[in-house]
There are 2 protein chains.
Amino acid sequence: MKVPVYILGFLKRYGPLHGYRLKRLVADMVSDFTQIKLPTIYYHLEKMEEKGLVTAERKQEGRRPERSVYSITKKGEREFLALLRDTLAVRYRPEFQIDAPLFFFDSMDPADIVASLREQEKHCSDVLDHLEAHREEVMQHIPPEARRIAGLMFQHHSLHYRAELEWLQDSLRELDR
Amino acid sequence: MKVPVYILGFLKRYGPLHGYRLKRLVADMVSDFTQIKLPTIYYHLEKMEEKGLVTAERKQEGRRPERSVYSITKKGEREFLALLRDTLAVRYRPEFQIDAPLFFFDSMDPADIVASLREQEKHCSDVLDHLEAHREEVMQHIPPEARRIAGLMFQHHSLHYRAELEWLQDSLRELDR
DNA sequence: GCACATATAATCAGTATTGAATAATCATGA
DNA sequence: TCATGATTATTCAATACTGATTATATGTGC
């Protein structure tokens, strides 16, 4: 799910592009946040062509072998927006990855973004509460000598959820301007 | 890679277990941090049996249909420790997930843990520096009207790396005691 | 006593991802 | 000039993951 969003987003913003070019764009621009392997890109380009989200054109340049250059279609643009919305709306997010929607924020409806961020905000504070409660429950099943250390796992998650919450609040303020 | 660590760890700590029981343990104890689907568990149990990391025994209880109960082998225990080390040592970690090693910290050599956490600490502050520098570079390729918003993506990552750093320092202090 | 939901248990077919292999071109410097 | 390594570009086989399906067992209210 993550991969198609990126491909469609890059094709929309910088397209038309061929597979290898796409991979380099991803590497140059979002490699801090996500990794996408070349075969994965080719795989999805093919799938998306079948679905009519992109069209391929065989191009010859110089003496180089032919290559397929892809463009996003109208249908692809609609799908892109739908995927962005879905990605941003996901609830269970223990990896804290919302990089694609952030990267393509400008393609989204600001009202949708704000609504979604507020939901995430609610969700995060719920998780923080739940984490405290669940922690005790889980600890009972962990051998006593491992408990002190296992506690670090909950600590780890708490700190990240707090960071997420902080970011959501910053972003909502920023979007308000 | 994540899944086998959990399976081996649970078999070591609570085993012998059958597939469904494993899935429930994962759901009860680490569902805040990771999700593992049933078919994935069955898939890996089979793979790991082939590799000799676990042994299966068909068991009949009451009128219930037979089911395979798995135990960890000596080889499996060695593999478990190796996997824990590898997982903790991973450098590129944009998801901030180190839940398995944390959960099974008590199985690891404290010296290894400290060494690895110190490495992570170094890595995190490197990333924070790099993020600042890379940010400007990336921004040049982003359409001006999208920049303010795309900046939130870097902000998001910075905050999480700072949270990670904070946790690493807390943990090193805690392990020192 | 029996309908209906939920829990237990496993499998399968379809989808996604990765490591490895292939092959051509380009840059370089000895 | 020509060998060597890096870059460009794609494909394939193997591996991993998921949604959907199947099937039995157990508990619950009526």
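So you know, we letter chains A, B, ... as the sequences are listed, proteins then strands, and number each from 1.
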> Is any side-chain nitrogen or oxygen of A/Arg21 closer than 4.0 Å to OP1 or OP2 of D/dT8?
Replying inline: no

>> Using whole Å, what does the distance between atom P of nucleotide C/dT17 and atom CD1 of A/Ile7 come to?
In response: 9 Å

>> I need the CD1-P distance between B/Ile36 and D/dC17, as an integer number of Å.
In response: 9 Å

> Can you check the B/Lys23 NZ to C/dT11 C1' distance for me, whole Å?
Replying inline: 16 Å

>> For B/Phe103, does the six-membered ring have the charged nitrogen or CZ of B/Arg13 within the cation-pi criterion, i.e. under 6.0 angstrom from the centroid and within 45° of the normal?
In response: yes

> What's the NZ-C1' distance between A/Lys37 and D/dC12, to the nearest Å?
Replying inline: 16 Å

>> If you compare every side-chain N and O of B/His18 against the phosphate oxygens of C/dT8 (OP1, OP2), does one of them come in below 4.0 Å?
In response: no

> ring-ring contact (aromatic ring centres under 6.0 Å, His included) with B/Phe105: which residues, sequence neighbours excluded?
Replying inline: none

>> With rounding to the nearest 0.5 angstrom, report the CG to NE2 distance, B/Leu128 to B/His160.
In response: 12.5 Å

>> From NZ of B/Lys2 over to C1' of D/dA16, roughly how many Å is that when rounded to an integer?
In response: 11 Å

>> Rounded to whole Å, please give me the gap between OH in B/Tyr20 and P in D/dA25.
In response: 15 Å

> When the ring centroid of B/Phe10 is compared with that of B/Tyr70, is the distance short of 6.0 Å?
Replying inline: no

Below 3.5 Å, can you tabulate the donor-acceptor pairs from side chains in residues 49-57 of chain B to any protein atom, sequence neighbours excluded?
none

> Charged N to carboxylate O under 4.0 angstrom, A/Arg173 versus A/Asp170?
Replying inline: yes

>> Near DNA chain C, counting only heavy atoms under 4.0 Å, which residues of residues 38-51 of chain A show up?
In response: A/Pro39, A/Thr40, A/Tyr43, A/His44

